[in-house]
Amino acid sequence: MVEVQDQQDIGVFRPPAPRPRSPLISLLRVIREGEGNLLALVPESAYGQPVGRLGYSRRDILVVNEPELARRVLTNEDGLFPKNDLMVSALDPLVGNSMFVSDGEIWRRQRSMIDPALSVMRVNRAFASMSAAIDDYEKRLDHAAATGKSVSLDQAMSHLTADIICRSVFTTSLESDMARTIFDDFKTFERSVAQVELMRLIFSPAFKAVPQNQAVLDACKRIRTHLGQMVDTHLEGDGFNDIASQLIAARSEQGVPFTRTELIDQLGVFFLAGHETTASVLTWVLFILGTRPDIAARVRAEVLEVAGDGPITINQVQKLRYVRNVFRETLRLYPPITFLPRVAMQKTRLGKLTARRGAMIMVSPWIIHRHRKYWQDPELFDPDRFLPDREAEQTTGAYLPFGVGPRVCAGAGFAQVEGALSIARLVRRFDFTVEHPEAVQPVARLTTRPSRQISAKVSFAST
Ligand code: HEM
């Protein structure tokens, strides 16, 4: 509490982040806490170097911060840095060889068939589903506000974004039993995978497959069965106009559609990549606004000025500049995908360091966004740093919440509209007051999450 309050008094805000230590202390902390929190492994020095080693793991791990080098790794033009083997094997039971993990020609074919399903036109259509999911969630929050109950911000945002993705992909709301089960199983998957992966990262050599634990495999099987049933409903019926129906209609250059298994793989990715990510950033936005009423008031004033108190259209969302900058700045300080892991396929020079074959190469939006050399006062929350007249302060390539190059997030347009609309609607209607903000710390599991649930009182906005 002390830090948050003090910073408020002097008009700047330093949201919580783990205090980085020396490499050895960081490692000991991770092993002791055993929580699958990769952020705790990042030493202080990583925030000032162009390229560094994350010491003390069995496997060589390099962190690449310098924007040009990071671009080289992520664009992977020379084929040296495919997606990391650990991540690929962890995701395999859930999403097979889908576009999130595939490479080369297979990935190119998949991406060209999927991109239209997330085009601007498609996002415009999904806008109605987003608005309907928010309508329903507002009703839940109305109840919390009327009864004075607290809500868990992360659970709330997880529910909202899962509902948005269900409705946009399958025209099914989260209230259906099947959607609910998928959602619960995804939670099991995410929790256990993150925990197992971190220990493998520290103790296993490169390219060594380790069997998944049974609870994860069971959850994946159930998710795939349910996704398969939803795919079948779409294959059998017509009249659907959603993302799933667009994927079913998609054809490769040779005129070949996705098989049923491929459809399940790809739709699994939409749930995996498109739900916890947006939930993560919205949780942090509400945490920040719930500790800084002055910022929330500025957001609300902008929304009322642009859209009044009626329905908000997609054109109005585009005009919410401050809302957009709050969203961007939160993505900078709490990028949902904390680390983008790749593997070096051969011995390679990266800046002043040499990566061995099998080294894990980490490009971390978290570290780059907080790097002392690329950002002014990196740890302060300052949405106005994205105003056009301050663009000169930014280092090219040092802002990458959606990744870089051909593997850049396929759903970035979707997420930006979803994020801005959710913030605008919820903050216009409610005040959120975070309880015990001093206890909130970010951790990196599959996404950047709070270490414990953030509880907030909800009340109807007074202005
Ligand atoms: C704020 C929300 C989101 C963030 C921060 C985010 C971030 C990212 C990042 C960093 C990547 C690249 C991963 C890498 O290079 O290893 C990625 C890939 C991807 N994202 Fe997102 N994402 C978000 C929302 C979404 C949504 C809503 C969808 C779908 C509806 C989506 C679908 C995908 C897909 C399919 C890929 C794989 C692209 C490829 O490899 O070609 N994402 N995302």
Side-chain angles (χ1 to χ4, degrees), residues 64 70-71 73-76 81-84 86-88 90-91 95 97-104 106-119 122-123 125-126 129-130 157-158 160-170 242-244 246-247 265-285 324 327-328 330-343 360-366 368-369 399-423 444 446-449:
V64 177
R71 167 171 281 278
V73 170
L74 293 181
T75 51
N76 190 26
F81 305 108
K83 293 237 171 168
N84 186 268
L86 261 185
M87 183 178 76
V88 174
L91 296 184
V95 293
N97 195 22
S98 62
M99 81 185 291
F100 198 81
V101 285
S102 63
D103 252 310
I106 296 178
W107 168 78
R108 248 182 295 285
R109 167 178 166 266
Q110 294 172 336
R111 177 101 195 201
S112 69
M113 289 169 75
I114 287 167
D115 268 344
L118 292 168
S119 64
R122 177 52 67 187
V123 173
R125 278 200 203 132
S129 307
M130 297 176 191
M157 292 306 100
S158 213
L160 175 63
T161 57
D163 194 16
I164 289 176
I165 207 79
C166 280
R167 290 178 197 240
S168 310
V169 173
F170 285 123
D242 49 26
I243 292 177
Q246 181 133 7
L247 245 59
D265 292 346
Q266 310 299 351
L267 293 169
V269 166
F270 281 21
F271 276 81
L272 180 77
H275 142 235
E276 278 299 321
T277 44
T278 325
S280 154
V281 60
L282 286 177
T283 300
W284 290 110
V285 168
R324 197 167 55 231
F327 187 62
R328 278 187 191 164
T330 309
L331 282 171
R332 183 183 71 80
L333 280 174
Y334 299 101
I337 306 201
T338 340
F339 296 90
L340 308 176
R342 303 295 194 261
V343 59
M360 183 177 259
I361 312 296
M362 294 283 206
V363 174
S364 166
W366 172 282
I368 296 177
H369 291 174
Y399 184 69
L400 62 165
F402 293 107
V404 167
R407 303 304 291 254
V408 71
C409 176
F414 186 103
Q416 280 159 319
V417 172
E418 177 188 15
L421 178 67
S422 304
I423 298 168
L446 272 194
T447 53
T448 308
R449 310 285 306 169

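Whatever order the structure lists them in is the order used to number ligands and atoms, beginning at 1.
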Using non-hydrogen atoms of the residue, decide whether Ile243 is closer than 4.0 angstrom to ligand 1. no

As a check for students: among Phe339, Tyr334, Trp107, identify the option with a heavy atom nearest to atom 41 (O) of ligand 1. Trp107

Side chains of Val285 and Tyr334: closer than 4.5 Å at any heavy-atom pair? no

Ligand-side contact atoms (ligand 1) for residue partner Pro336, heavy atom cut-off under 4.0 Å: 5 (C)

Cut-off 3.5 Å, side chains only: do Thr448 and Ser280 have a donor facing an acceptor? no

Return the CD1 to CG distance between Ile368 and Leu400, rounded to the nearest 0.5 Å. 5.0 Å

Interfacing atoms of ligand 1 (cut-off 4.0 Å, heavy-atom, Leu340): 10 (C), 13 (C), 14 (C), 16 (O)

Is the closest side-chain heavy-atom distance between Arg449 and Glu276 below 4.5 Å? yes

Answer side chain, backbone, both or neither: which part of Met99 comes under 4.0 Å from ligand 1, heavy atoms only. both

Evaluating non-hydrogen atoms only, which member of Arg122, His275, Arg342 is closest to atom 15 (O) of ligand 1? Arg342

Pull out every atom of ligand 1 sitting under 4.0 Å from any heavy atom of Val269, numbered as shown with elements. 35 (C)

What residue and heavy atom of the protein are closest to atom 7 (C) of ligand 1, and at what distance? Pro401 O, 3.5 Å

Within a strict 4.5 Å, meaning less than it, do heavy atoms of the Lys83 and Arg407 side chains meet? yes

Closer than 4.0 Å to some heavy atom of Leu118 - which atoms of ligand 1 meet that? 30 (C)

Taking Arg109's backbone N and O only, do any of them form a donor-acceptor pair with Ser112's side chain (distance below 3.5 Å, no angle check)? yes

Compare all side-chain heavy atoms of Phe402 with those of Pro335 and state whether any distance is below 4.5 angstrom. no

Does any part of the side chain of Thr278, heavy atoms only, come nearer than 4.5 Å to the side chain of Ile164, both counted from C-beta? no

Any N or O on Glu418 sitting closer than 3.5 Å to an N or O of ligand 1? no

Would a distance-only check, ignoring hydrogens and angles, find a side-chain to backbone donor-acceptor pair under 3.5 Å from Gln110 to Asn97? yes

Close side-chain approach of Asp163 and Ser129, heavy atoms under 4.5 Å: no

Student check: side-chain heavy atoms of Val363 and Arg342 closer than 4.5 Å: no

Among protein heavy atoms, which lies nearest atom 38 (C) of ligand 1, and at what distance? Arg111 NH1, 3.3 Å

Where ligand 1 meets Phe414 - atom numbers and elements under 4.0 angstrom, heavy-atom basis: 27 (C)

Do Phe270 and Ile114 have side chains that approach each other closer than 4.5 Å (heavy atoms only, starting at C-beta)? yes

Among all protein heavy atoms in this structure, tell me which lies nearest to atom 40 (O) of ligand 1, with the distance rounded to 0.1 Å. Arg407 NE, 2.8 Å

Over all heavy atoms of both residues, which pair between Ala410 and Met99 is shortest? Give the atoms and the distance, please. CB-CE, 4.2 Å

With a cut-off of 2.8 Å, which protein N/O/S atoms are close to atom 21 (Fe) of ligand 1, if we only count those under it? Cys409 SG

Of all protein heavy atoms, the one nearest atom 36 (C) of ligand 1 is Phe100 CD1, 3.7 Å

Ligand 1 contact on Leu74 by region, counting heavy-atom pairs under 4.0 Å: neither

Which of the ligand 1 atoms, numbered from 1, are nearer than 4.0 Å to a heavy atom of Ile165: 30 (C)

Any donor and acceptor pair, going by atom type alone, linking the side chain of Ser364 with main-chain N or O of Thr338 inside 3.5 Å? yes

